[in-house]
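What follows is a set of notes on a single structure, which appears directly below.
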Amino acid sequence: MAGFFKDIPHIRYEGCDTDNEFAYRHYNPDEIVLGKRMEDHLRLAVAYWHSFAWEGGDPFGGRTFDRPWFGDDMAHAKIKADAAFDLFAILGQPYFCFHDVDVRPEHDTLAGNIAALDEIADYFGPKMEATGTKLLWGTANLFSHRRFMSGAATNPDPAVFAWSAATIKSCMDVTHRLGGENYVLWGGREGYETLLNTDMGREAEHAARMLSMVIDYKHKIGFKGQILIEPKPQEPTKHQYDYDVATVYGFLKRFGLENEVKLNLEQGHAILAGHSFEHELALAGSLDMLGSIDMNRNDYQSGWDTDQFPNNTPEVALAYYEVLRAGGFTTGGTNFDAKLRRQSLDPEDLVLGHVGGMDICARGLKAAAAMWEDGGLERARKARYAGWDTPEAKAMLDSDLDTISADQLALNPNPEPVSGRQERLENYVNRFV
Ligand code: XLS
Ligand code: NI
Ligand code: NI
């Protein structure tokens, strides 16, 4: 390997006993897990923005990284692409994801931006072919540039709505052209800073119109990928309209769009919304809305979206358990929407951050699969609701309050509480993780 990652070997599976830092201990793409290759379960993806566009800044300081591709012109964008595809090859990750602004230089005009995106997509094509890396999803960055400070689809200025629509169209075109398997909408600034200047009713209508146009355009160009919304409760705005799974589902139902869209759920966003990741996954699964995941955690003390690589096997195992319960991924996968810490300067850090994340995901998946195969949780769940299997109980759901009141004694004259067995179930889970 030449260039930025020179001297770093391709990472291979060597098993738990290896002391080679540059090896996978658990991620073994060809290992069969529940009848399917591990790689095909996890469908791991590198996030272009954190790994190649982010410069190491935080609210108190700017760039810490020194990368040969930093510079806002096409020549630098191509050096960046060369390095990105080198990383994909080193890791053997099957997928990547990007926003338009991650991959192209910024122009003053929309036409300039679109032409630059097209040019870089042409540059990606042969590289994707050569490395075998596929596009899990594409998306538009409608939150970084100052024109989007008051939102994109929900901006009070119709000219920004138009700019956003045209940008989304160009990103959908490129995602489609590169064989992308999904298209993501994350509403970074679709929300408000203060209610004092905000018309929430109107903004919801505008967001729904934009989404309808996206769906229509998808069908028009024959894009077979899945449209995904990524919920997040706040940050950068004080309040975001795509708060969590329940909120987004309510929004989609209100506008009749629930059959056209699924969800891309992020671990850190779930926590910011006051949920666990498995809560969000289980709810999406129960609504048939689970599309894809962003597997990056937050620091539990910082309380904001720190986008760290996963490193907690029990948490990851419970997440993949819900993914398995929901039937596994179809077009979706596991995107590392994760960045290094800003002191992690070296090329090795970027490689090993991913290696660690991939191993944790593999461990989590294997634990989840073992739990699923053993069936203990599902047996316990089934037993807990077994009362509902009787014809009398089923009939009650089609009945009315009067009849139930008259018949109540027939079912059970004096119901006794039954243990929820939480500790026993926690002990059970701990046998696997
Ligand atoms: C930010 C989001 C973002 C989306 C893609 O918090 O996670 O990175 O995944 O726009
Ligand atoms: Ni995020
Ligand atoms: Ni994300």
Side-chain angles (χ1 to χ4, degrees), residues 43-55 57-59 95-104 117 135-145 148 151-154 164 167-168 170-172 174-175 180-191 207 210-211 214 225-245 248 261-275 277 280-281 284 290-300 302-310 319 332-340 357 361:
R43 296 164 58 84
L44 298 168
V46 176
Y48 212 97
W49 51 104
H50 287 319
S51 292
F52 295 99
W54 183 61
E55 298 184 343
D58 73 5
Y95 288 98
F96 74 116
C97 304
F98 68 88
H99 304 79
D100 52 349
V101 308
D102 310 331
V103 300
R104 58 141 174 85
L117 183 62
L135 179 59
L136 186 63
W137 44 267
T139 187
N141 177 327
L142 302 176
F143 44 87
S144 293
H145 193 281
F148 303 117
T154 63
S164 306
T167 301
I168 293 174
S170 69
C171 291
M172 290 178 75
V174 159
T175 301
E181 300 189 25
N182 307 270
Y183 184 81
V184 164
L185 298 150
W186 171 61
R189 296 195 192 270
E190 312 292 23
M210 184 73 87
L211 183 56
V214 165
Q226 178 67 50
I227 303 290
L228 299 170
I229 289 184
E230 181 175 326
K232 184 175 182 180
Q234 78 273 324
E235 200 229 293
T237 54
K238 172 181 164 55
H239 174 89
Q240 267 161 231
Y241 299 137
D242 52 6
Y243 200 96
D244 60 1
V245 170
V248 173
V261 178
K262 289 194 192 297
L263 302 171
N264 181 43
L265 301 178
E266 178 164 317
Q267 200 269 2
H269 298 184
I271 308 297
L272 284 177
H275 304 305
F277 195 24
E280 289 290 79
L281 291 163
L290 179 52
S292 199
I293 63 176
D294 277 5
M295 186 57 104
N296 42 288
R297 70 192 169 92
N298 293 348
D299 183 286
Y300 284 109
S302 302
W304 56 290
D305 198 6
T306 54
D307 289 326
Q308 293 170 236
F309 284 95
T334 306
N335 171 42
F336 289 115
D337 191 352
K339 58 182 175 243
L340 294 173
C361 287

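Atoms within each ligand, like the ligands themselves, are counted from 1 in listed order. Heads up: numbering here begins at 1 and tracks the sequence.
Side-chain contact between Arg189 and Leu142 is absent, with no heavy atoms from C-beta onward closer than 4.5 Å. Counting heavy atoms from C-beta on, the side chains of Val174 and Phe98 come closer than 4.5 Å. The shortest side-chain heavy-atom distance between Val103 and Tyr48 falls under the 4.5 Å cut-off. Taking the side chain as every heavy atom from C-beta outward, Asp305 and Lys232 approach each other to under 4.5 Å. Counting heavy atoms from C-beta on, the side chains of Leu265 and Phe277 come closer than 4.5 Å.
Between Asp294 and ligand 1, at least one N/O pair is under 3.5 Å apart. Backbone and side-chain nitrogen or oxygen atoms of His50 are examined, and none is located within less than 3.5 angstrom of a nitrogen or oxygen of ligand 1.
Restricting Asp337 to its N, O or S atoms, the one at the least distance from the Ni ion (ligand 3) is OD2. Taking the Ni ion (ligand 2) as reference, the nearest N/O/S atom within Asp305 carries the name OD2. Here the N, O or S atom of Asp294 that is nearest to the Ni ion (ligand 3) is OD2. Nearest N/O/S atom of Glu230 relative to the Ni ion (ligand 3): this is OE2. Minimum-distance N/O/S atom of Glu266 relative to the Ni ion (ligand 2): OE2.
Formation of a donor-acceptor pair under 3.5 Å by the Asn298 side chain with backbone atoms of Tyr300 is not found in this model. At distances below 3.5 Å, not a single donor-acceptor pair connects side-chain atoms of Glu266 with backbone N or O atoms of Asn296. With Thr306 contributing its side chain and Asp299 its backbone, the two residues share a donor-acceptor pair below 3.5 Å. Of the possible polar contacts, one joining the His269 side chain to the Pro231 backbone as a donor-acceptor pair under 3.5 Å is found.
Neither the backbone nor the side chain of Asn264 has a heavy atom within less than 4.0 Å of ligand 1. The proximity of His269 to ligand 1, defined as any non-hydrogen pair under 4.0 Å, is limited to the side chain.
Heavy-atom distances between Val184 and ligand 1 stay at or above 4.0 Å for every pair.
Scanning the protein heavy atoms around atom 8 (O) of ligand 1, the nearest turns out to be Asp337 OD2, 2.8 Å. For atom 10 (O) of ligand 1, the closest non-hydrogen atom on the protein side is His99 NE2, 2.7 Å. Scanning the protein heavy atoms around atom 2 (C) of ligand 1, the nearest turns out to be Glu230 OE2, 3.3 Å.
Which parts of ligand 1 touch Trp49 is read off a 4.0 Å heavy-atom cut-off, strictly below it: atoms 8 (O). Remark: ligand 1 atoms within the under-4.0 Å shell around heavy atoms of Lys232 are 1 (C), 6 (O).
Among the candidates Asp307, Asp58, Asp294, the single residue satisfying the salt bridge (charged side-chain N to carboxylate O under 4.0 Å, His left out) test with Lys339 is Asp307.
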